[in-house]
Amino acid sequence: MTFPQRFGPYGGRYVPETLVSALEELDEAYATYRDDPAFLAELRVLQTDYAGRPTPLFLATRLSERTRCKVYLKREDLAHTGAHKINNTLGQILLAVRMGKKRIIAETGAGQHGVATATVAALFGLECHVYMGEEDIRRQELNVIRMRLLGAEVLPVASGSGTLKDATNEAIRDWVANVETTHYIIGSVVGPAPYPTLVRDFQTVIGQETRQQVMAKEGRLPDGLVACVGAGSNAIGMFHEFLGEPSIRLVGVEAAGLGLDSGKHGASLARGTAGILHGSYSYVLQDEDGQIQEAHSVAAGLDYPSVGPEHSYLKDAGRVEYDSATDEEALAAFQTLSRLEGIIPALESAHAIAYMLRERDGGHGFSADDVVVVNLSGRGDKDVYSVADVLGVRS
Amino acid sequence: MSTSTGSALTGIFREAGHPLLMPYAVGGYPDLASCREIIRTYVKNGAQLVELGIPFSDPLADGPVIQAASQVALRQGVRPADVLDLAGTASQEGAGVVLLSYLNTILAFGGERFFHRCRDRGVLGVVVPDVPVEEAAELQAIARAHGVDVILLAAPTSTDARLARIAGNASGFIYCVSTTGVTGARTSLRTDLAEFVARVRRHTDLPLVVGFGVSTAEQAAEVAGYADGVIIGSALVDLVARSKRFDEALAEIGRLLYRVRSMPSFSR
């Protein structure tokens, strides 16, 4: 094998035999192209001219007054398609084309990854099928329309809770059936090896840009980085560059849903135990028989009962602090950021903002002269209807 | 070519001298008592081996029929220990029992405890569909200590290098996945299925059992022409799902198995 398949004990490749050859093929393709100048040049051009990178680092002055420390926002919401997901799909579509695959499949929760996949499939003229849970189709209607406009077929998934976990199951089943012609663009740092490594690598551009931008503005490294964690791709993309800087606090914010003790949350690291879901060994929300439990979050992209294996490793190693924010806190942060900075964040990203705003448990713990970068992983257009319903502001 | 060491499970194929039909049931579907009746019907109709699945919330390798049946069983509170007990009953009543369990079920139960319980309940082998050969060693070591085979799978997409590795590490039998795809009935079998089974055969003399998508007596007969065993799963589960009355389902199951058994290739 080409890459380490595990992060400590986590990760691995727990999939039906039918898929293993395809994973080996992906391994080889990635090993071939990850340092290939032509591949990297093509990716670079697409990142800048198509996706709009580098995304800005914005000093959120009014938010900083509220949080009583200096907060920068890494504006992934300004990347093409409105979230960091495009970083990964651009990288994977270039691999898919080089592997000669004609058909692309993906799973999506909030729809951001589905849109980012449909976008790159359109760009390269490939057929695209996106699996999406029925509940998510209902609450993220805008993204469903976008995917269809981009020429993708959105396939509703009714099984289970009709959310991201179930959509992922169906995407994997599709891949098993069509593995010879199809590339599965998985949307986060989950799944069997090499996906957690590959997706992370395509997302590390977030952290790399952040380092340069903070150095340019502050002349020093930040004191903290904060990102929401569902399956964890925006967080790992932000953190990975800084793992070797022990003085920097790294904080991942999971979805506490209706509360960690309510049984309705997406906090796999806080309340899960080690197990297998979607091909890798990681923290999983499960019962004593190993049946996977349904997650809950107001943010569809955090509504997932497991987390990337590297996060599990970083939790055990104590390198990253994992905390959580409830639905209520995220909704409040959603409005606060909108009004203080004129930026409507994705409900997922609002969890990271909520961590910075909170008063409970001694607050965020940063001091007044600390510089903190919050990854604003996506924009909130997709969420306005469901937020309006919850807040009762729909006219 | 690796030569089998001859576990009890392998021995059943060797002694039979003809291809074996291995019907599959979702453990605890439609309920525990009825499932016991289904297994009895399998055995009464000549099945020397039965495959019994432990219901799992997220069965990645299974199609809609087995997914739905698993959900029904889980909603009734069927637990892995119940299915192990079912296996024990079936074993006492003369069936050779092979379990199908996703890995997370075994991890949650505790590997050591799981295979100890398997031995105690007379289980001969366990198919773990989400454990490819690379990840199987630890599980196999525990299972072997309890005299239970972990059944490895081979797929049409497996390269010859992988087939050699699978054959070198397999015991009991090799489960040849008849299709790229999940479990469930197909109107026709893959045209290169015989060729695939022959490709696996070049690497091993262990029994080769074909499953995934075999649903009719004719398909089973075709497969029995070149394999040592045939698994019929979703088609049987579907008979239960579709019938209005359970006794009718049992009669339908009996008829299907009788038709399979009457095919010449099953008594070669």
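Just so we're on the same page: letters track the sequence lines, and every chain starts at 1. Fair warning: this is a prediction, and the values are worked out from it, not measured in the lab.
- Under a 4.0 Å N-O distance rule, the pair A/Arg6/B/Glu135 qualifies as a salt bridge.
- At a 4.5 Å heavy-atom cutoff, A/Gln293 makes no contact with chain B through either its backbone or its side chain.
- The structure places OH of A/Tyr14 at 9.5 Å from CG of B/Asp130, a figure rounded to the nearest 0.5 Å.
- Screening B/Ser158, B/Pro129, B/Pro156 against A/Glu17 for a side-chain contact (heavy atoms from CB on, under 4.5 Å) leaves a single residue, B/Ser158.
- Contacts between B/Ala154 and chain A at a heavy-atom distance below 4.5 Å involve the backbone alone (N, CA, C, O).
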Exercise for the section: Report the C-alpha distance between A/Tyr281 and B/Leu107 in whole Å, list the side-chain angles of each, state the deciding distance to 0.1 Å, and finish with yes or no for side chain to side chain contact (heavy atoms under 4.5 Å, CB included). Expected result: CA-CA 11 Å; A/Tyr281 184 61; B/Leu107 293 181; 4.1 Å; yes
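- The most heavy-atom pairs under 4.5 Å with chain B, out of A/Ile276, A/Thr273, A/Thr168, A/Leu277, come from A/Ile276.
- With a 4.5 Å cut-off on non-hydrogen atoms, A/Ile292 touches chain B through its backbone and its side chain both.
- When all heavy atoms of A/Val15 and B/Pro132 are compared, the pair lying nearest together is O-CD, 3.4 Å.
- For the atom pair A/Glu180 CD and B/Thr180 OG1, the distance stands at 5.0 Å (nearest 0.5 Å).
- Between chain A and the residues B/Val177, B/Ile54, B/Leu60, B/Val182, the most heavy-atom pairs under 4.5 angstrom are made by B/Leu60.
- Rounding to the nearest 0.5 Å gives a distance of 9.5 Å between OG1 of B/Thr105 and CD of A/Gln286.
- Using a 4.5 Å cut-off between heavy atoms, B/Gln67 touches chain A through its side chain atoms alone.
- Within the 4.5 Å cutoff, side-chain heavy atoms of A/Arg173 are placed close to those of B/Pro59.
- For chain A, the nearby parts of B/Arg79 are the backbone and the side chain; heavy atoms of each come within less than 4.5 Å.
- Here the side chain of A/Thr18 pairs no donor or acceptor atom with the backbone of B/Ala155 at under 3.5 angstrom.
- In this structure, the side chains of B/Glu134 and A/Val20 come closer than 4.5 Å at one or more pairs of heavy atoms.
- Within the 4.5 angstrom heavy-atom criterion, no atom of B/Leu152 approaches chain A.
- Two residues are said to be in side-chain contact when any heavy atoms from C-beta on lie closer than 4.5 Å; B/Asn104 and A/Gln291 fail this criterion.
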